[in-house]
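Order of the sequence lines sets the chain letters (A, B, ...), proteins ahead of strands, with each chain counted from 1.
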There are 2 protein chains.
Amino acid sequence: MPASNTRLRYIILGLLAQQPMSGYDVRRFLKSLSWLIGNPSAGGIYPALRGLLQDGLVTVDVKLREDRPPRKVYSITEAGRDELQRWIDQPVGLGTSMKAFMMRLMLARHYSRAGLIAHMRQRQSEVAGHRLALRQISATLDEGADMGQRLALGYALSAAQAELAWLDSELGRLSQEPSLAEVD
Amino acid sequence: MPASNTRLRYIILGLLAQQPMSGYDVRRFLKSLSWLIGNPSAGGIYPALRGLLQDGLVTVDVKLREDRPPRKVYSITEAGRDELQRWIDQPVGLGTSMKAFMMRLMLARHYSRAGLIAHMRQRQSEVAGHRLALRQISATLDEGADMGQRLALGYALSAAQAELAWLDSELGRLSQEPSLAEVD
DNA sequence: AAGCGCATGTAAAAGGTTACATGATTAC
DNA sequence: GTAATCATGTAACCTTTTACATGCGCTT
């Protein structure tokens, strides 16, 4: 049976799908994008890589260097790509965080055009639902509410609004200029 | 020594600072705002409440009802308010998530006007820093980059942009109309 | 000579989820 | 009479973080 570990497992797999990397590289890359995806620690990354290796989803190329730790460069295998694709294909559920959606976006090249659009539309409808819910709460609050509730709601509403605007504009671009993605 | 549990602990404490509630109430409330703060499960909430009780940060008023489980209504104590205030006062570090910042906003009434403004300004400068970093990456990418990277960056940039816009406008309001918050 | 960046990894603990257990009441 | 809501809680598990351990090379 495959080793557990899920979120981080697929994030790493996604990165390795773009190019071979060492554990240290993975760490640095994620650190530089910590705001977007998160900043997992060494204690999570190295065991995850070992798990991926054991399951045959990656291979390792060990570069021995005298007097310093070997540099282990991991590459994704065909089985790894399949597994990643399966993860990518499963619809992003209702509770999907921004970061998880981010990761999906970064892997856009693994989607068909239609698949990418479908994913974005799903996100769109979810966020629209949230916005509606927030507006209803907002209407309920109205007069006597305390300032904290109002601030928080305003903040959340503006975030939802912005995300929807981005999705709209990006979906529009994807539909109108279907050639761009095929261009190499 | 106080029982561990941190994030959830303070979220619950924050809710109890607004009004006494049962564990079930806490769950329902957070569920209705799951998008904003998260949706912790019963298995997290009840133990957390027990911890708070043991540490004297809350008291419980048990309403026995025949033939059904007692309803336990928790109220925050003075020690609890102090502890909450200490959490609130510590500056939100660089990695602070939207949800953590959200919770701070919801507790606005526990801030002085100056304290609230300071917090928001700090957030502002952090997000501005992120936006700058993203723009620099974006400039680096430029031409040959793959579509995923571009989508992800665009998404992140638009989110940062929106948050800054909200912060600007809200900070403006807070400075210009200092009377509003005092009004009851 | 001190500290940081490179580069790997392990062990223990924290924090939280999932799934289960119980049982009355209300709605369809 | 079947399901959902109310209402509490426990136990086992999963993921990830924290802190440690090691050691070379480069910069200040």
Can a side chain N or O of Arg7(B) be found less than 4.0 Å away from OP1 or OP2 on dA14(C)? no
Kindly point out which of dC6(C), dG16(C), dC6(D) is positioned nearest to the side chain of Arg28(A)? dC6(C)
Taking the side chain of Ser41(A) as heavy atoms from C-beta outward, which of dT18(D), dT10(C), dT8(D) is closest to it? dT18(D)
Which of the following nucleotides, dT5(D), dG9(C), dG9(D), is nearest to the side chain of Tyr46(A)? dG9(C)
Considering only heavy side-chain atoms of Tyr74(A), the closest of dG9(D), dG9(C), dT8(C) is dG9(C)
Whole angstrom value for the distance that separates P of dT16(D) from CG of Leu8(B): 19 Å
Distance test, side-chain N/O of Ser22(B) to OP1/OP2 of dA7(D), below 4.0 Å: no
Can a side-chain donor-acceptor contact be found between Gln124(A) and Asp168(A) if the only test is distance below 3.5 angstrom? yes
Between Asp55(B) and Arg9(B) (salt bridge meaning N to carboxylate O under 4.0 Å), is one present in this structure? yes
Between CG of Leu171(B) and CZ of Arg123(B), what distance do you get to the nearest 0.5 Å? 12.5 Å
Name the nucleic acid region contacted by Arg27(B), choosing base, sugar-phosphate or nothing; use a 4.0 angstrom heavy-atom cut-off, strictly under. base
Quick check for you: among dG5(C), dG9(C), dC6(D), whose closest atom lies nearest to any side-chain atom of Tyr24(B)? dC6(D)
For Lys99(B) against Ile37(B), the heavy-atom pair lying closest together: CD-O, 3.5 Å
If you assign Val73(B) and Gly43(A) each to the DNA chain D nucleotide with the nearest heavy atom, which residue ends up on the more 5' nucleotide? Val73(B)
Candidate pair Tyr155(A) and Glu163(B), rule side chain to side chain donor-acceptor pair (under 3.5 Å), full reasoning: CA-CA 8 Å; Tyr155(A) 181 72; Glu163(B) 186 165 349; 2.7 Å; yes
Asp25(B) has an atom CG; how far is it from atom P of dG9(D), in whole Å? 13 Å
Lys99(A) has an atom NZ; how far is it from atom P of dT15(D), in whole Å? 18 Å
Can you tell me how far C1' of dC6(C) sits from CE of Met21(A), to the nearest Å? 15 Å
Options dT10(D), dT17(D), dT16(D), nucleotide nearest the side-chain atoms of Pro40(A): dT17(D)
Looking only at heavy atoms, what is the nearest atom pair of Ile11(B) and Met103(B), with distance? O-CE, 3.6 Å
Taken to the nearest whole Å, CD1/Ile37(B) to C1'/dG16(C) is 17 Å
Can you tell me which nucleotide in dT10(C), dG16(C), dG15(C) comes closest to the side chain of Thr6(B)? dG15(C)
Between dA14(C) atom P and Arg9(B) atom CZ, what is the distance in whole Å? 13 Å
Just the rounded figure in Å: distance from C1' of dT16(D) to CD1 of Ile45(A). 11 Å
Rounded to whole Å, CG of Leu64(B) lies from C1' of dA24(C) at a distance of 15 Å
Taking the side chain of Arg71(A) as its heavy atoms from C-beta onward, which of dT16(D), dT10(D), dA7(C) lies nearest to it? dA7(C)
Compare side-chain N and O positions of Arg50(A) against OP1 and OP2 of dT8(C) and report whether any pair is under 4.0 Å apart. no
